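Some notes on the structure that comes next.
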Amino acid sequence: MISIKNVSKWYGNFQVLTDCTTEVKKGEVVVVCGPSGSGKSTLIKTVNALEPFQKGDIIVDGISIADPKTNLPKLRSRVGMVFQHFELFPHLTITDNLAIAQQKVLGRTREEALDKGLKLLDRVGLKAHAAKFPGQLSGGQQQRVAIARALAMDPIVMLFDEPTSALDPEMVNEVLDVMVQLAQEGMTMMCVTHEMGFARKVASRVIFMDKGKIEEDCSKEEFFGQPRGERAQQFLSKILQH
Amino acid sequence: MNFDFAAVANSADFLWQGFQYSLSLTAFATCFGILFGTLLAMARLSSIKPLNMLASTYVNLFRSVPLLLVIFWFYILVPLISGVQVGAEKSAYITFAIFEAAYFCEIIRAGIQSIPKGQVAAGYAMGFTYGQNMRFVILPQAFRNVVPLLLTQTIILFQDTSLVYVVGATDLLGAASKVASRDYIPVEMYVSVAVIYFIVSFTLSRLVKRLHAKIAVIR
């Protein structure tokens, strides 16, 4: 589904990604973790070309991101993305947030878009909030709407970029619940997250990044068991301490 | 000292005509200015170098010359280039539209730049093209952020339209000055139009203030 091949990226002289190679197969849930500044967010953003890269290539469902002839908007419309800060459109109601891209990008009618959007809103448990504006919802609620908004496009894969790290602790679970459910339904997912409980529960594989390099890329059993690289051990011992 | 304000009322029709012209000039320059200004702002923020430079040059040029000079310029230039005597009133429409676009551009550019990067990324992530992202995500938010500034600029524009008097156009001030010298009632005339300019501008600026408070609440 997603094949990342030798991707390298520089900001000026500073290399943020070094020769990253990995794969996400259909139906897999791949969790990407690592210390801050390790390039994990940058890596996930390269998958739908929100971050350009200078070397290597990424193939999403057979389509090359590096190929200048690729229709990027079209490709992105098939890849769902959920951001750390939700990024709902604040000037639109929840309903319109759910419907606008379905109508303008996929060409669905208003009725189809509303039908689909409201069903998904119901699924994330927020049907009562359809007429509200994003600013009137809590962070956890906004993030669930953001997931519904991405799902409304019928994506072939979902990308999550630290979906819970901007949330108050009490709201983390409501978002993780939706993600777990999604994973159990067989959605292909790539998640940058520090939620190791989530990784333990649903991940097919865990990728550990450090200083722009993929240091570990293995099954979750392997990752949470022994043996593994020193950096990953340090990282795990730090975040699993409490 | 004897003032004859009744004489002002005698020429109310003519003043009204001038006032209407001032308003229509303001409205036209605002609409065109915002429209063209938006395109200029997008060009200024574009990664396409020549487009960027062209827009910057345009904006810097018009923001660096006095409006009065530009009014003269176009009054003389337009008939020279087109070969048609368009008259002071029509040439002023062109002048103000072109001149104000430079100012509106800077306001709208600030509005676009006030939109967080995450919003832009989210729009693209939904599959929007550049144009769609501008139309549905960035510009609506950008305009909402700068509505008070746009209206303030419009108030300034309304006052500045009085400058067309120097090329003999019959705007509010132009009409007043013509009546003033015909009937020899300069004090009455100039006081009267000052009051009109004040009422319109002051009312509008109070509205802007209230709007500003309202927008701040929404945000």
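A, B, ... follow the sequence lines: proteins, then strands. Residue 1 opens every chain. Not measured: the values here are computed from a predicted model. Hydrogens, waters and symmetry mates are skipped; everything else that's a heavy atom, side chains included, is used.
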Subject >> Neighbour count >12 (heavy atoms, 6.0 Å) for atom NZ, A:Lys5 >> reply: no
Original post:
Counting heavy atoms not belonging to B:Arg210, are there more than 12 under 6.0 Å from its CZ?
Top reply: no
Subject >> Selection from A:Lys74, A:His85, A:Arg149 maximising heavy-atom pairs under 4.5 Å formed with chain B >> reply: A:Arg149
**OP:** Could you look at A:Phe83 and say if it's the side chain, the backbone, both or neither that has a heavy atom under 4.5 Å from chain B?
**Re:** side chain
Subject >> Test item: A:Leu72 and B:Tyr124 side chains (from C-beta on) under 4.5 Å apart, heavy atoms >> reply: no
**OP:** Verify the neighbour count for atom CG of B:Leu69: are there more than 12 heavy atoms of other residues, nucleotides or ligands below 6.0 Å?
**Re:** yes
**OP:** Return the minimal non-hydrogen interatomic distance between A:Pro90 and B:Gln141, and the atom names on each side.
**Re:** CG-OE1, 3.2 Å
**OP:** With the side chain counted from C-beta on, respond yes when A:Val105 and B:Met126 share a heavy-atom pair under 4.5 Å apart, and no when they do not.
**Re:** no
Original post:
In terms of heavy-atom contacts, does CH2 of B:Trp73 have more than 12 from other residues, nucleotides or ligands at under 6.0 Å?
Top reply: no
**OP:** Could you tell me which of A:Leu50, A:Leu75, A:Asp96 has the largest number of non-hydrogen atom pairs under 4.5 Å with chain B?
**Re:** A:Leu50
Original post:
Atom CD of B:Gln119 and atom CD of A:Glu87: how far apart are they, to the nearest 0.5 Å?
Top reply: 5.0 Å
Original post:
How far apart are the closest heavy atoms of A:Phe89 and B:Ala122, and which atoms are they?
Top reply: CE2-CB, 4.1 Å
Subject >> Members of residues 88-117 of chain B whose heavy atoms come closer than 4.5 Å to chain A >> reply: none
**OP:** Return yes if some donor-acceptor pair links the side-chain N/O of A:His91 with the main-chain N/O of B:Ile138 below 3.5 Å, else return no.
**Re:** no
Subject >> B:Gln85 atom CD, over 12 foreign heavy atoms within 6.0 Å >> reply: no
Original post:
At a heavy-atom separation under 4.5 Å, does A:Leu88 approach chain B through its side chain, its backbone, both, or neither?
Top reply: backbone
